Undergrad: 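The structure under discussion is supplied below as structure tokens; questions concerning it will follow.
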Number of protein chains: 2
Amino acid sequence: MRDKLATNRILVGDCVQLMRDMPAGSVDVVFADPPYNLQLSGDLMRPNHTRVDGVDEDWDRFQDFQTYDRFTRDWLDAARHTLKDDGTLWVIGSYHNIFRVGAILQDLGYWVLNDIIWRKSNPMPNFKGRRFANAHETLIWASKSKDSKYYFAYEAMKALNEDLQMRSDWTLPLCTGGERLRDETGQKAHPTQKPESLLFRVLMSSTKVDDVVLDPFFGTGTTGAVAKRLRRRWIGIEREHTYARLANERIAQVEEVAEPELLEVTSKRTQPRVPFGNLIERGYLKPGTMLFDQRRRHIAKVRADGTLVAQNHLGEHKGSIHKVGAAMQGLPACNGWTFWHFQQDGSLSPIDVLRQQVISERH
Amino acid sequence: MRDKLATNRILVGDCVQLMRDMPAGSVDVVFADPPYNLQLSGDLMRPNHTRVDGVDEDWDRFQDFQTYDRFTRDWLDAARHTLKDDGTLWVIGSYHNIFRVGAILQDLGYWVLNDIIWRKSNPMPNFKGRRFANAHETLIWASKSKDSKYYFAYEAMKALNEDLQMRSDWTLPLCTGGERLRDETGQKAHPTQKPESLLFRVLMSSTKVDDVVLDPFFGTGTTGAVAKRLRRRWIGIEREHTYARLANERIAQVEEVAEPELLEVTSKRTQPRVPFGNLIERGYLKPGTMLFDQRRRHIAKVRADGTLVAQNHLGEHKGSIHKVGAAMQGLPACNGWTFWHFQQDGSLSPIDVLRQQVISERH
DNA sequence: TCATGGTCTGAATCACTAC
DNA sequence: AGTAGTGATTCAGACCATG
């Protein structure tokens, strides 16, 4: 069976049909980046009156949830047919579609191993201030069934993460700059190209050299590019000729690495900052607590939302610890963490010591 | 209807029945931490051969996905009955159940606003090294329907995050130490007690002072404790008397934030509107006064009826401060309050400061 | 060559009121 | 119910022009 499987090539056509035609149990890993069913309506403008270039391609339009569910069930079922019994499936999505994908793959008998959060270091903001900034996407990693003996490169993942177990949240930047494929006019070639760093971690964690990776929504071929670099075999399925042509050109330029395990990794473990508000949420400081500068010349009161309120001869000042510290001193700027102190057993300590406690909790 | 709703108390019993009996459209926010359907089989052992004290309660056992789905549909539907049209729902879960919860709530007509990742700073490691360390849980935030005018404390969230808009990933520690409720023998009283910091952020972002928060899986009452502290009204539903008793004792000890004004959040959106003409009526600006943009590239004259007149290479423009500001810049829109400035002692100030004076005069 | 400042952009379910 | 008017709203990072 194995040698019948043509790898390292793109099949152009409908992925459900093409996967059903593949030999059963021939693929080690499926990575799928299906349409998200975003249901966007109308234009979104930035505050500077420019238009956001959103996803409005035909392939992301579905009549309703029922239609999307049928589509999802079909391709997940066909993908299951191609998978070896010990193979695993990856799917990436957002809150628009990921719940439906997850529930359907559970119904089909897949066994969820992890849900993984791609925490974007540079997401698009929420321009209208109506929701939390949507700063992540979700991947589901699942084995073909509950009892399958799937592969997981535990040690490699730990090494990638400074000798700490790799967690289920990955902080990685978007695909921008030189990595982003563009057409002749400089426009992005594909609206949802994924960063190679994401596929690197997916393939390093769940495949071995020479394993076969199938991507039924190949797009511009990020999966193939990273698979080739890591000496995995790959099969891409893509409906649109334009994307397939771009992917072929792209992958042709990729060079394989001699020893994948020696690859240098961009592990951007950027520690999230600690906002002052966290100290209140976590009970280190209560709303109403008084803060002082070191010599007790200035005094401010903590509010529930993490701002301070204080008064001096110029009037009342409300805002961040930094802004109020600056205003009270009549200075253009101030580091509130070292300026403001809290009282403990009669003596004053800078609020920075509380921040250090929060950071140390995080390891 | 409002005064019929008994708040700040725990109802002991089945949440589906009790929610159905509540008056329709009476609750501002539902926060739910339902059973996760963990499907643990057998005991999990640490490397040092001690047993992990996992969730092994009767209430977390369901025969199959179908049974869990029916349960989920029932309580989500009953919760929808209690919600005001502009109310919102929060649900927390893990990959065991969150896909089913998310898909079902979408099917019921809820409209997902965000999925939120609770990124645990101190998660339990994966002891067997067979998966990624499960270091997060997922919350879904949804409005009752697509068109509802839900409440979101955008400015408060931004303030909590040092003046950057709050993202969809929240890094917070587990509930441990003194915050964790324990029984007489020192055992944790509830296996899945959530940290108060998590509820703080949930309630600060989506409720106002005196709003009603309903928690149908109340457990040991974290939602009630934080709601009381933040001066929100709360209703808890809990099936087990033991948990309800512990929750009552716990909440009785909670102190409300002493000064309600510390809980106030300010938002430009909720300020009363002031027509520009009011500034002229009240003598803040005289007809004939010249207004400028910040760099003095544009100039306009105030007319007695509260409109402006200005000229540029495209011709003469008359109309509101916004229309004329937009026309002068060749933009589709413009906020005239911040664009136009008046001269005072040689320096320019935005006319917005005059609007603020009018608002503060009115209290 | 380096520092600085302006511009552009990324899977986005992104306003509300009065007439 | 549809339309028009008011006026609220963005973060990180790459790239480019300028000094």
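Note that the structure is predicted; figures quoted are calculated from it, not measured. In what follows, chains are A, B, ... by sequence order, proteins preceding strands, each numbered from 1.
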Undergrad: Report the distance from atom CZ of A:R239 to atom CH2 of A:W59, rounding to the nearest 0.5 Å.
TA: 9.5 Å
Undergrad: Does a side-chain N or O from B:Y154 land closer than 4.0 Å to OP1 or OP2 of D:dT10, or not?
TA: yes
Undergrad: What I want to check is whether an N or O donor and acceptor connect the side chain of A:K194 with the base of C:dA11 at under 3.5 Å.
TA: yes
Undergrad: If the cut-off is 4.0 Å, is A:N134 near the phosphate of C:dT13, judged by side-chain N/O to OP1 or OP2?
TA: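 So the side chain of A:N134 is within the cut-off, an N or O lying under 4.0 Å from OP1 or OP2 of C:dT13.
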Undergrad: Considering every strand and a 4.0 Å limit on heavy-atom distances, what is the contact class for B:E155: base, sugar-phosphate, or nothing?
TA: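 The answer is sugar-phosphate, as B:E155 gets under 4.0 Å only of primed atoms, P, OP1 or OP2.
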Undergrad: Tell me the interatomic distance from B:Q271, atom CD, to D:dT6, atom P, rounded to whole angstroms.
TA: 18 Å
Undergrad: Quickly work out the A:K188 NZ to C:dT9 P distance and round it to whole Å.
TA: 9 Å
Undergrad: When you get a sec, tell me which of D:dC11, D:dT9, C:dT13 is the closest nucleotide to the side chain of A:H96?
TA: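 My answer, after comparing the listed nucleotides, is C:dT13.
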Undergrad: For the P atoms, the ones on D:dA12 and on C:dC14, what distance do you get once it is rounded to whole angstrom?
TA: 23 Å
Undergrad: How close or far is atom C1' of D:dT10 from atom NZ of A:K120, stated in whole angstroms?
TA: 15 Å
Undergrad: Between A:N126 and B:Y154, is a side chain to side chain contact (heavy atoms under 4.5 Å, CB included) present by the stated rule, with each step listed?
TA: CA-CA 10 Å; A:N126 185 295; B:Y154 175 76; 5.6 Å; no
Undergrad: Would you tell me if any nitrogen or oxygen in the side chain of A:R46 comes within less than 4.0 Å of OP1 or OP2 on C:dA12?
TA: no
Undergrad: For A:F127 and C:dC14, are the ring centres under 5.5 Å apart with planes inclined under 30°?
TA: no
Undergrad: Answer with yes or no whether the side chains of B:N312 and B:H317 bring together a donor and an acceptor at under 3.5 Å.
TA: yes
Undergrad: Is B:R273 side chain donor-acceptor paired with the C:dT17 base, going by distance under 3.5 Å alone?
TA: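 No such pair is found, so the answer is no.
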Undergrad: Nearest whole angstrom, please: distance from the P of C:dG10 to the CD of A:E179.
TA: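 It works out to 14 Å between those atoms.
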Undergrad: Is it true that the side chains of B:W111 and B:S148 contain a donor and an acceptor less than 3.5 Å apart?
TA: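 Side-chain D/A pair, B:W111 to B:S148: absent.
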Undergrad: Should A:N122 be listed as having a side-chain N or O under 4.0 Å from OP1 or OP2 of D:dC11?
TA: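 So the side-chain polar atoms of A:N122 never come under 4.0 Å of the phosphate oxygens OP1 or OP2 of D:dC11.
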Undergrad: Closest approach to the side chain of A:V55, judged atom by atom: which nucleotide of C:dA11, C:dT13, C:dG10 is it?
TA: C:dA11
Undergrad: Do B:M328 and B:V324 pass the side chain to side chain contact (heavy atoms under 4.5 Å, CB included) test, and can you show the C-alpha distance, the side-chain angles, and the key distance before you say yes or no?
TA: CA-CA 6 Å; B:M328 292 295 280; B:V324 174; 4.1 Å; yes
Undergrad: How would you label the contact of A:P123 with the nucleic acid (heavy atoms, under 4.0 Å): base, sugar-phosphate, or nothing?
TA: base
Undergrad: I'd like the C1' distance from C:dA11 over to C:dA15, given in whole Å.
TA: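 Approximately 23 Å lies between the C1' atom of C:dA15 and that of C:dA11.
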Undergrad: If you find the nucleotide of DNA chain D closest to A:N48 and the one closest to B:A333, which residue's nucleotide is nearer the 5' end?
TA: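 The residue mapped nearer the 5' terminus is B:A333.
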Undergrad: Can you tell which of C:dA15, C:dA11, C:dT13 lies closest to the side chain of A:K128?
TA: C:dA15
Undergrad: For B:D163 and D:dT10, give me the distance from atom CG to atom P, rounded to whole Å.
TA: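 Whole-Å distance recorded here is 10 Å.
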Undergrad: Within a 6.0 Å radius of atom CD on B:Q294, are there more than 12 heavy atoms belonging to other residues, nucleotides or ligands?
TA: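 Counting other residues, nucleotides and ligands, CD of B:Q294 stays at 12 neighbours or fewer.
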Undergrad: By nearest nucleotide on DNA chain C, pick out whichever of A:G129 and A:C175 is the more 5' one.
TA: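 The residue closer to the strand's 5' end, by nearest nucleotide, is A:C175.
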Undergrad: Can you confirm whether the side chains of A:R250 and A:T222 place a donor and an acceptor under 3.5 Å from each other?
TA: yes
Undergrad: Report the relative orientation of the aromatic rings in A:H190 and A:Y243; use parallel for angles under 30°, tilted for 30 to 60°, perpendicular for over 60°.
TA: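 Geometry flag for A:Y243 against A:H190: tilted rings.
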Undergrad: Roughly how far apart, to the nearest Å, are D:dT10 and C:dT7 at atom C1'?
TA: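 So the two C1' atoms sit 14 Å from each other.
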Undergrad: From the list C:dT13, D:dT6, C:dA11, which nucleotide is the closest neighbour of the side chain of B:K323?
TA: D:dT6
Undergrad: Of the nucleotides D:dT9, D:dG7, C:dG10, which has the atom closest to the B:H322 side chain?
TA: D:dG7
Undergrad: Using whole Å, what does the distance between atom P of nucleotide C:dG10 and atom CD of A:E57 come to?
TA: 12 Å
Undergrad: Enter syn or anti for the glycosidic conformation of C:dT7, syn applying to angles within 90° of 0.
TA: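 Classified anti.
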Undergrad: Kindly point out which of C:dT17, C:dC14, C:dG10 is positioned nearest to the side chain of B:K149?
TA: C:dT17
Undergrad: Categorize A:G93 for me: base, sugar-phosphate, or nothing, with a 4.0 angstrom heavy-atom threshold over every strand shown.
TA: nothing
Undergrad: D:dT6 phosphate, OP1 or OP2: any side-chain N/O from B:S320 under 4.0 angstrom?
TA: yes
Undergrad: Please give the nucleotide sitting opposite C:dC14 as a Watson-Crick or G-U wobble pair, both distances under 3.5 Å, or none.
TA: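 Partner of C:dC14: none.
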Undergrad: Among side-chain atoms of A:N278 and B:R201, is any donor-acceptor pair under 3.5 angstrom?
TA: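 Yes - a donor-acceptor pair under 3.5 Å links their side chains.
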Undergrad: With rounding to the closest Å, how many angstrom separate the C1' atoms on C:dT1 and D:dA17?
TA: 15 Å
Undergrad: Look at all strands and tell whether A:G42 reaches a base, only sugar-phosphate, or nothing, counting heavy atoms closer than 4.0 Å.
TA: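 It contacts base atoms.
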Undergrad: Consider the side chain of A:D33, meaning its heavy atoms from C-beta on, and name the nucleotide among D:dC11, D:dG5, C:dA11 that approaches it most closely.
TA: C:dA11
Undergrad: Remember a base hit wins even if backbone is also touched, and classify A:P34 as base, sugar-phosphate or nothing at under 4.0 Å, heavy atoms.
TA: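 The residue A:P34 makes base contact.
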Undergrad: Under 4.0 Å between any heavy atoms, over every strand shown, what does B:C334 touch: base, sugar-phosphate, or nothing? Just pick one.
TA: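 Base, at least one base heavy atom under 4.0 Å.
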Undergrad: Classify the side chain of B:W337 and the base of D:dT6 as holding, or not holding, a donor-acceptor pair under 3.5 Å.
TA: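 For B:W337, whose side chain was compared with the base of D:dT6, there is no donor-acceptor pair (under 3.5 Å).
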Undergrad: Mind checking who C:dT4 pairs with, Watson-Crick or G-U wobble, both distances under 3.5 Å?
TA: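 Answer to the pairing question: D:dA17, which forms a Watson-Crick or G-U pair with C:dT4.
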Undergrad: Whether A:R180 contacts D:dC15 is assessed here as follows: a side-chain N or O lying under 4.0 Å from the phosphate OP1 or OP2. Is that the case?
TA: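 Answer is no, no contact under 4.0 Å.
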Undergrad: To the nearest Å, how far apart are B:M166 CE and D:dT10 P?
TA: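 Result: 14 Å.
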Undergrad: Looking at D:dG7, does its base get a donor-acceptor pair with the side chain of B:R355 below 3.5 Å?
TA: no
Undergrad: Would you mind classifying the nucleic acid contact of A:S94 as base, sugar-phosphate or nothing, using non-hydrogen atoms under 4.0 angstrom?
TA: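 Counting heavy atoms under 4.0 Å across all strands, no contact is made by A:S94.
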Undergrad: Let me know the distance between CG of B:N335 and P of D:dT9, rounded to the nearest Å.
TA: 9 Å
Undergrad: Could you tell me the Watson-Crick or G-U partner of D:dT9, where both distances fall under 3.5 Å? Say none if there is no partner.
TA: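 Paired with D:dT9, as far as the under-3.5 Å criterion goes, is no nucleotide at all.
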Undergrad: Counting Watson-Crick and G-U wobble pairs only, both distances under 3.5 Å, name the nucleotide matched with D:dG2, or none.
TA: C:dC19
